Protein chains: 2
Amino acid sequence: MLNNPRKSREDILDLAVPLFAKSGFDGVSIRNVASQIELTPAALYYHFKDKEALYFETVKHAFETKTSAAKDLIDNGDEVFANLEKFINWFVTTLNRDNDFQKLLQWVLLDSNPKRMQSLVKDVFSDLFLTTRKLAESFSPRYDPQMLSISIIGLVLCHFQSEEGRKFLPGRKAIHDKPQVISAHIIKLLKNGLAPAC
Amino acid sequence: MLNNPRKSREDILDLAVPLFAKSGFDGVSIRNVASQIELTPAALYYHFKDKEALYFETVKHAFETKTSAAKDLIDNGDEVFANLEKFINWFVTTLNRDNDFQKLLQWVLLDSNPKRMQSLVKDVFSDLFLTTRKLAESFSPRYDPQMLSISIIGLVLCHFQSEEGRKFLPGRKAIHDKPQVISAHIIKLLKNGLAPAC
DNA sequence: GTCTATACCATGATAGAC
DNA sequence: GTCTATCATGGTATAGAC
């Protein structure tokens, strides 16, 4: 292993993101990360206290740039369905562009360590949730804002969460992976539901 | 470790299910499983070729009893919304009763090993998907059946997937975890959407 | 800030006795 | 069918030289 040009914390995190996104906390070793970065494990421990800290910072880093953009999206002056469409389009586009972001979100929600999940949810997921909740409140009291937030996030997320698995199911078509198609499907379903127009 | 009464394959799988459900393939060791079953690792290897085989059989076992019940649920003679309600109620009830089932489904979809994911999706998930697809076809051509299936499954799943994480978010209420409430919310949303009734 | 070297423990898996 | 014993490998983490 050679004496590499010094890596910044950010360089390390950038390279750790896809690893943890693919295999989660337990599926990635310090040695894996170190070799990806072209550093030794010992050098990694100079930058991060332990594996938990590295993982936490990695997830936080991957979320940081994303969810801040969503905040400014919902405009209280706008019509409610305009806000809904803006949000769905933004969320679908974001998940489509950055597969790691979507994967890490799943790992957070599946985390087998409750303490780790708690800090990640609070630190990393609550921004996105609160933005969705603000949107969902437009449909109160007809819908419970909390439940509607979960439904909206889940409805978007599932199309990406299932992307790899769907490849092995019958009836697959390429258009099901296209962000514009996914976006349109979700907006139509959320707006009108399944009942025939009256 | 004592000479225990002989365990059958099924006894082992029953006890392995909650372990893999909590921590996934990488988060569970052969020793973890062995000690839970009160056997030695060597005894486990008598029953299963390797860890992959144990995991595969465990997930398959957890799904077996569940998804077969769904098949008989959708009655072509029935009105479409009656079938939809029956399905949602069944799925919500099933996920609520058996948390392991829901967790394992998530692990399958997040699996970092494509070959393992493929066999699990084909062998274990396709039944549930095809049942949902049959239901979704009632709403064709207004909705693409493939995409609608994913949306329906995702809409139900997300309320359970987020159950632990939601505890750490503001606005939490106990009713959001109740199966009847979740069921009613989803059915209402799927039927009517967010647009005001006309 | 990165290296070499290493401590120490957990892992998947097997051989062979009973 | 289960045990004890063992192996090779890989895991997290640290000490100390440069």
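Just so it is clear, the model here is predicted, and its values are computed rather than measured. Note on naming: letters A, B, ... go to the chains in the order of the sequence lines (proteins, then strands), and numbering restarts at 1 for each one.
Note: CD (B:Glu38) to C1' (D:dG1) measures 16 Å, nearest angstrom. A:Leu44 has its CG atom 13 Å from the P atom of D:dT14, to the nearest Å. At whole-Å resolution of the value, CZ in B:Arg31 and P in C:dT11 are 6 Å apart. Atom OH of B:Tyr45 and atom C1' of C:dG16 are 17 Å apart (whole Å). Rounded to whole Å, the distance from NZ on B:Lys49 to C1' on C:dG12 is 12 Å.
With contacts defined as side-chain heavy-atom distances shorter than 4.5 Å, the pair A:Phe160/A:Ile182 qualifies. With contacts defined as side-chain heavy-atom distances shorter than 4.5 Å, the pair B:Lys167/A:Gln118 does not qualify. Taking 4.5 Å as the limit, every side-chain heavy atom of B:Phe129 sits out of range of all side-chain heavy atoms of B:Thr67.
By the 6.0 Å and 45° rule, A:Arg116 does not stack over the aromatic ring of A:Phe56.
Sorted by first and then second residue, the ring-ring contact (aromatic ring centres under 6.0 Å, His included) pairs involving residues 58-78 of chain B (not counting sequence neighbours) are B:Phe63-B:Phe101.
Regarding contacts with the backbone of C:dC3, a side-chain N or O of A:Thr40 is found under 4.0 angstrom from either OP1 or OP2. Distances shorter than 4.0 Å separate none of the side-chain N or O atoms of B:Tyr46 from OP1 or OP2 on D:dT2.
Listed in residue order, the members of residues 11-30 of chain A having a heavy atom less than 4.0 Å from DNA chain D are A:Val28, A:Ser29, A:Ile30.
In this structure A:Glu64 satisfies the salt bridge (Lys or Arg N to Asp or Glu O under 4.0 Å) test with no other residue, sequence neighbours excluded.
When each of C:dA5, C:dT14, D:dT2 is scored by its nearest atom to the side-chain atoms of B:Ala42, the top-ranked nucleotide is C:dT14. Of the candidate nucleotides C:dT2, D:dT4, D:dA13, D:dA13 has the atom nearest to the side chain of A:Lys51.
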